[in-house]
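Naming convention: chains lettered A, B, ... in sequence-line order (proteins, then strands); numbering from 1 in each chain.
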Amino acid sequence: MATGSGEESTSAIMDDYETLISTTDVELLKRAWRNEKAAPEILQYESSLVQRIKEQIELAEQNVEMFEADSIDPLTVSLYQMDLDRTQFLLRSYLRVRLQKIEEYLFHILKTDEYLNRLSKQEQMFARRCTDDLGNHLDETVLSKLPDNYQSILKQSITSEEDDMDFLAFDCDKVQEVADLIIFPWSYSSYSYGRHTYKIMIRLNEFIFTRKTHGNYRDGARFTYLCMLQVHKEAFGEGENRFGVSIDPTTLIIVVVINNRK
Amino acid sequence: MAGQSDSHLSLFSPEEVEFMAEDELVEIVPNLRMDSLNFICGDYGPFYPQIATQVPFWLAVALKKRGKCTIRPPQWMSIENLTQVLEGERDSHAFQPLPFHYVEISRLLFDHAREDIPDIYMVRSLVEDIRDVRFHKVETNLEKFTASTVTWKNMSAMEVNIIRAFSGRALQAFYKHENEQVMPDTDRTQDRQPQIPTIRPKRNLKPR
């Protein structure tokens, strides 16, 4: 069929050309750009490719300047300029997409070596400066007014699950250092979790307030975090003196169950 | 911030799809003499009057704008071919084979190379009809989305771009819902352990 052969010949020409130009740097950059745009996570930085493209761009810029100085006809100059613009656009867009992803996944990238290694040196510097700036900003506006346990932005970052689940088990002697608390208005006689039974007694007047308290009361479901305190079993025993601290990751509230061992 | 046109990272704007289409080759007939051009993206030329040569689209359009060449419409843009394609689109549920960037290429040609296309009105209406029929097929196929692999052949760049973000999210949602049935949420069962006399309704933890 005439149409079939027409399409085949065009596509055959295209294929040959594709294989020819697939090795050009521009084509590689275009592929890297497309991949970076489409992938949800940040990909490996193409340092050698970017370096080569940068050199070619600089060469082309010098060419254009030379042409203008020698007053080569403006058509040629403008065509070279267009090619230069296109390549610059690809490079800039590639770098911009990466920066955008770094900003979005800032803490996660800095904490995971695998992702950190995919960044170029400048991008790593950028990421660190970003966290510093963010940290300073949050410190000035909010964090300095919160109790000590909250002041690390890393712990409160919603991108991280592990840090949020941090908890501190205090020795009863250090109870005074415990900061803000949410007090449960009711008391439990015993709480079972897993194989252990914890006896918990809470008396309102025995809690220590160092700074302001938060107004919400959480229900007992929060006590599921106590399961982690199995590690510190020796702190628990029968009787009324028991304590633990856990941090609620969703609402920035510390739930503290304390009782002094007198 | 280092953002671009779209808030969502993975979307290509139509201009960017056109940018990619502009690297496709097209045949031109220059009417001037020019030495070869050594671009970063490749070498083209030298150009002799009335000798056809292949250049990327952006170069062809640039030359055409300055009246330095005429563009030969590609083979697939003939009226016979397009009529056949249109009939094929209407008759079957599958997509007819068309060049990947046919939308962008035809658009560029209509905008810049009117006089180079014979019967341009006919060609234009055919291409628009083809676009409509194909997009209508895309819409109906979207309704048949399932969680398993989705294969649609012969889609073009523009059509793919339009549904790319949506289909990615849809497949993810399918995966999430299917997995919840397989793996029940273990957090919920632990919550029920403490026997608390509470009047307040339990607040479910947000699954992470």
Side-chain angles (χ1 to χ4, degrees), chain A residues 1-3 5-7 9-11 13-14 17 21 24-27 30 34 37-40 53 56-57 59-60 63 73 75-76 78-80 82-84 86-87 89-90 93 95-104 161 186 188 191-194 217-221 223-224 227 249-250, chain B residues 1-4 6 9-12 16 19-20 22-25 27 32 34-35 37-42 44 54 56 58-59 62-63 66 68 74-76 78 80-85 97-100 164 168 172 187 190-198 200-206 208:
Chain A
M1 285 279 187
T3 54
S5 63
E7 286 208 26
S9 62
T10 344
S11 57
I13 294 177
M14 295 292 200
Y17 196 76
I21 66 173
T24 68
D25 282 341
V26 169
E27 186 65 24
K30 205 158 72 152
R34 278 199 309 252
K37 272 210 145 207
I53 294 271
Q56 290 183 22
I57 289 182
L59 259 178
N63 264 349
D73 79 295
L75 171 66
T76 319
S78 77
L79 292 179
Y80 273 96
M82 280 179 74
D83 170 64
L84 179 61
R86 286 177 70 88
T87 317
F89 167 74
L90 274 181
S93 192
L95 295 174
R96 266 200 218 111
V97 171
R98 290 178 63 89
L99 284 182
Q100 208 177 349
K101 278 191 204 172
I102 292 176
E103 278 173 355
E104 183 154 330
E161 230 183 316
W186 55 80
Y188 300 74
Y191 164 80
S192 296
Y193 186 86
Y217 295 111
R218 311 245 55 106
D219 66 23
F223 279 110
T224 55
C227 67
T250 56
Chain B
M1 292 289 238
Q4 281 190 317
D6 280 312
L9 282 173
S10 66
L11 270 182
F12 293 94
E16 285 161 354
F19 179 80
M20 292 197 281
E22 281 174 344
D23 282 328
E24 298 281 318
L25 288 183
E27 208 169 55
L32 83 167
M34 200 159 62
D35 289 331
L37 300 165
N38 303 102
F39 292 148
I40 302 179
C41 59
Y44 306 104
Q54 299 234 328
W58 61 269
L59 183 54
L63 288 173
R66 294 164 173 82
K68 304 292 184 193
Q75 305 264 21
W76 59 268
S78 67
E80 304 88 44
N81 187 41
L82 288 178
T83 330
Q84 258 197 336
V85 168
L98 272 176
F100 191 51
R164 183 203 317 269
Q172 270 179 30
D187 286 335
Q190 286 174 3
D191 269 4
R192 292 198 200 103
Q193 288 244 346
Q195 310 300 320
I196 309 161
T198 171
R200 244 170 253 106
K202 269 202 186 338
R203 177 169 168 258
N204 274 332
L205 293 175
K206 242 196 290 185
R208 286 190 176 253

Undergrad: For the residue pair B:Cys41 and A:Asp83, what are the closest heavy atoms and their distance?
TA: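 Shortest heavy-atom separation between B:Cys41 and A:Asp83 comes out as SG-OD1, 3.0 Å.
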Undergrad: Identify which part of A:Arg86 has an atom lying under 4.5 Å from any heavy atom of chain B, answering side chain, backbone, both or neither.
TA: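 Both parts, heavy atoms under 4.5 Å.
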Undergrad: To the nearest 0.5 Å, how far apart are CG in B:Asp23 and OG1 in A:Thr24?
TA: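 If I round to the nearest 0.5 Å, the distance is 8.5 Å.
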Undergrad: So what's closer than 4.5 Å to chain B heavy atoms on A:Ile57: side chain, backbone, both or neither?
TA: both
Undergrad: Heavy-atom cut-off 4.5 Å, strictly under: side chain, backbone, both or neither for B:Asn38 against chain A?
TA: both
Undergrad: How long is the straight-line distance from CZ of B:Arg66 back to OG of A:Ser78, given to the nearest 0.5 Å?
TA: 3.5 Å
Undergrad: Tell me, side chain or backbone of B:Phe100 under 4.5 Å from chain A's heavy atoms, or both, or neither?
TA: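 For B:Phe100, neither part sits under 4.5 Å from chain A.
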Undergrad: A side-chain contact here means heavy atoms from C-beta on lying under 4.5 Å apart; do B:Phe39 and A:Thr87 qualify?
TA: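 They are not in side-chain contact.
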Undergrad: Given the rule in the side-chain contact (heavy atoms from CB on, under 4.5 Å) test, do B:Ile40 and A:Asp25 qualify, once you have shown the distances and angles that lead to the verdict?
TA: CA-CA 8 Å; B:Ile40 302 179; A:Asp25 282 341; over 6 Å; no
Undergrad: With rounding to the nearest 0.5 angstrom, report the NZ to CG distance, B:Lys68 to A:Leu79.
TA: 10.0 Å
Undergrad: Kindly write out the residues that satisfy side chain to side chain contact (heavy atoms under 4.5 Å, CB included) with A:Asp73, not counting sequence neighbours, or none if the list is empty.
TA: A:Leu75, A:Thr76
Undergrad: Minimum heavy-atom separation for B:Met20 and A:Lys30, please, with both atom names.
TA: O-NZ, 3.7 Å
